[in-house]
Amino acid sequence: MIVEIETILAGIREALPNSGISFRKNPGPSGQHSLLVDGSNLVEVCQFLQDTLDFDLLSNVTGVDWPEPAKADAVAVPEGEVTPAAEGFLEVLYHLYSTNRRVGPLVLRARTADRAGNAKIPSVVSVFRSAEFQEREIFDLYGVIFTGHPDLRRILMWDEFVDFPMRKDYVAPDDYEYEPTPHDAVLEKAKTHYPSSETQDGKIQDTRKEPVL
Amino acid sequence: MDSPSSTIERLPAPKRPGGWSIPGWGLLQGLAVTGRNMVESYYKKERMTTIQYPEERAPISPNFRNFPFLVFDTDPAADLRCTACSICEKECPPQCIYIVLDRDENGKSLKRPRVFDIDLSVCMNCGICAEVCPFDSIYMDGEYELSTDDRFGGLLFGLDRLAKSAEYHMKLRPEQATEVMARRKAEEEKKAAAAAAKLAKAKADAEAKAKAAAEVKPEEKGEEV
Amino acid sequence: MISDSSMLYSTPALETGDDEDQLLRVSLGPQHPSTHGVFRMNVVLDGETVVSLKPVFGYLHRNHEKIAENATYLSSMPYTDRLDYICPLSNNWAYAHAVEKLAGIEVPERAEYMRVILAELTRLINHTAFAGFILGDMGAWGSALMYAFREREKILDLFEDLTGARMMANFMRFGGCRNDLPAGWAMKCGKLVDDYGPFLDEMEKFLVGNEILLARTQDVGQLPKDILINGGITGPMLRAAGVNYDIRKVEPYGIYERFDFRIPLGEIGDCYDRIMIRFLEMRESLKILRQALDQLPEGDYIHPKAKIRNFKPPVGEAYGRIEGPKGELGFHLISDGTTNPYRYRVRPPSFINLTLLEDMCLGLDLADVVIILGSIDIVLGEVDR
């Protein structure tokens, strides 16, 4: 069942007047509109939704990288005139369901201030335990720092890894194991990466044969 | 909010066997099942599922797909159906197809691949190349004994190993190949008919023009007169 | 409702008192037969009792989501087969369902029926294999797994006839399925459904009364309902604890509202209930399969206007979820109007069901950890993605 998002929005605004919450329209055919929550009030909003409106299942937490803020506003269209963010940011989306009332998804979005030093969002683990591993995953792959998370470590990548691989501007390091694919780009990359002696003495070579035609 | 739970009938909770009447009775029952399976595996067909592979082979299903191959109608050099349009190269999920378009000395496209490589060590047999090909040129093969000790070259198939005849396709997947052949034939006939019609139209146009010119001439002459 | 949120996050402080040297740190896995793949648990033991358990993931991580963002929508379909490789067709459906929501695509009736049939067959595969694996975890190594896999193989043969591959099906498309059912397939499937009931009887007889199974699974690993919901646990794990939440009923996707089936519920939610709930679910799946095969209509197997090449959904986002055999399997997609998804997120049930693994294991013996992990039913291809 689709959530009646206007009622929920009004309810939150009434209960938490300073929540800084706003409606965002989804232009696509799915009709899953969302609520943009100010990061500093996220935990209170989640607590309110859980206690009062019975949204007890936080099903999914998604991290998104928006280096171009205009793109984010094209997917989640603001109501009226809103000054777009000056720089790119990271966004975290929460999909909430109610197991008793059987409604959902209620989509919440929270945005960081930027993509570098202030990429911080409060953790909702204290309200929804299911966010624990998912927030760790977003920290691992996007670099969002969830303040208040009890155990914020890398989860899928190894601990010594430095970059955040799901960001749009991530560049894969050149040191992966070379596999001879017929693609020139990979081959060229491998040739520049490995010392020339190795590529020339036949250890790594272009195995592409000229076709017999 | 009206909850639809009333429509769900609840099954009773899983039964929890209570006190054990005979100690180990459940274990004996399980052992009876094992024993039955063992005995029946000697004579019951549905319990005999293993086959001795190199000597015996399970029949492969007509839809079975493994690696892709390219189809030519009569001659692999001259009439490969592939036009090197690179759609499969773009859609291939693991990016294992590599195509170079053949050009003549003036740089004009010859609409055929000079290089068409598929790296089978990367290919994941998904069949998307065959699905997206608009020229009925690439299909999935049923060959599965392709192991090689040459890790780098042995699994990189070029045109020499990928090109297979239309008869092979017909033998491998008769249903699909028949449908494709019929469609191609119809298309060709349509094309031929269209060309013939065009030719006829051009001829008719020319005739009509000539006729018109012939008809006009006397009038012009008449005007002159 | 949980009022005291501090209770939820109950990672125990490691007792480092006088008996610190009594504690034993065990790295269980990543190469261990009981971990169902490359999964590791850092367990701290006090004698035989678990004091702390930290799962370690990522040995199979390949950044599936990044690969999908750099590929077209269709190109990700074969990769979804490799998420939960026990049940590829459910993954296909979940992804197709999300994309259909994103682009607003209609699915013809026959395709919907085919999807239901394939998804329920997949559920049979998953739960049958689960029964084999959990018996293996309990030490009944071999027999149970062999019987389960023998039946599984029969279903995989059906899949091969239909999709061309036993496991890596790559079958669903946006707006339908890739090809139609081959001649005689529905009949073969009907025969399999008829034969499956006797197999389940046999399998139940094989393990239900088994005293070892009872002793090792009853009252092991249960947690209260509200903590399970709060921890995001879904699927048979949640229903075994008595929460009536099945997406096939709650949010009937496809054509599930046309079928008459029930949602089995457990009472306590211990490992025993989790095993039994899966047997009951298989019986319900057989019911759905019989109805679907009887009602299977003629018609298109894919929407005639469905686009295969150059597919571009409109700008927007969609979260689509189905009731996978292991729990809620969801895909969250964001489209910026190009041929590649801007964001592609998998909500993997195996991964999120592991959130409460530590809570279930605390205070129990090390041998119980193996059973509890087995009862969660994880596949590492999905956990690590």
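Note that the coordinates shown come from a computational prediction; the quantities given were computed from them, not determined experimentally.
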**Item:** Straight-line distance of C:I67 CD1 to B:Q95 CD, nearest 0.5 Å
**Value:** 11.5 Å
**Message:** If you apply the rule side chain to side chain contact (heavy atoms under 4.5 Å, CB included), what do you find for C:F206 with B:Q29, and how did you get there?
**Reply:** CA-CA 7 Å; C:F206 184 49; B:Q29 264 187 325; over 6 Å; no
**Asked** Taking atom CD of B:E91 and atom OG1 of C:T72, what is their separation to the nearest 0.5 Å?
**Response** 4.0 Å
**Item:** Side chain, backbone, both or neither of C:A240 within contact of chain B (heavy atoms, under 4.5 Å)
**Value:** neither
**Complete:** Comparing B:P134, B:A32, B:P62, B:G127 against chain C, the one with the most heavy-atom pairs below 4.5 Å turns out to be B:P134
**Message:** If I measure from the heavy atoms of chain B, does C:R178 come under 4.5 Å with its side chain, its backbone, both, or neither?
**Reply:** side chain
**Message:** Applying side chain to side chain contact (heavy atoms under 4.5 Å, CB included) to B:N125 and C:M168, what does each step give before you reach the verdict?
**Reply:** CA-CA 8 Å; B:N125 323 0; C:M168 300 303 141; over 6 Å; no
**Message:** For C:I275, which atoms come within 4.5 Å of any heavy atom of chain B: side chain, backbone, both, or neither?
**Reply:** neither
**Request:** For C:K287, look at atom NZ and say whether over 12 heavy atoms of other residues, nucleotides or ligands are found less than 6.0 Å away.
**Result:** yes
**Prompt:** In terms of heavy-atom pairs under 4.5 Å, which option from B:G142, B:A58, B:S61, B:C92 contacts chain C the most?
**Reply:** B:S61
**Fill in**
Heavy atoms of C:S143 and B:T34 approach each other most closely as OG-CG2, 4.0 Å
**Request:** Heavy atoms only, distances under 4.5 angstrom: which of B:G30, B:P93, B:C126 has the most pairs with chain C? Name it, please.
**Result:** B:P93
**Message:** With a sphere of 6.0 Å drawn around CD of B:E175, does it hold more than 12 non-hydrogen atoms of other residues, nucleotides or ligands?
**Reply:** no
**Asked** Is it the side chain or the backbone of B:C129 that comes within 4.5 Å of chain C heavy atoms, both, or neither?
**Response** neither
**Asked** chain B heavy atoms under 4.5 Å from C:Y147: which part of the residue, side chain, backbone, both or neither?
**Response** side chain
**Fill in**
In this structure, OG1 of C:T163 is separated from CG of B:N63 (nearest 0.5 Å) by 7.5 Å
**Request:** Decide if atom OH of B:Y43 counts as having more than 12 heavy atoms of other residues, nucleotides or ligands within a radius under 6.0 Å.
**Result:** yes
**Message:** Between C:N170 and B:R65, is there a side-chain heavy-atom distance shorter than 4.5 Å?
**Reply:** yes
**Request:** Examine whether an atom of C:R173 lies under 4.5 Å from a heavy atom of chain B, and if so say whether it belongs to the side chain, the backbone or both; otherwise answer neither.
**Result:** side chain
**Side chain, backbone, both or neither of C:D246 within contact of chain B (heavy atoms, under 4.5 Å)** = neither
**Prompt:** Does any donor atom in the side chain of B:N37 or C:R150 lie under 3.5 Å from an acceptor atom in the other side chain?
**Reply:** yes
**Message:** Using a 4.5 angstrom heavy-atom cutoff, name the option from B:L27, B:L31, B:I60 with the most pairs to chain C.
**Reply:** B:L27
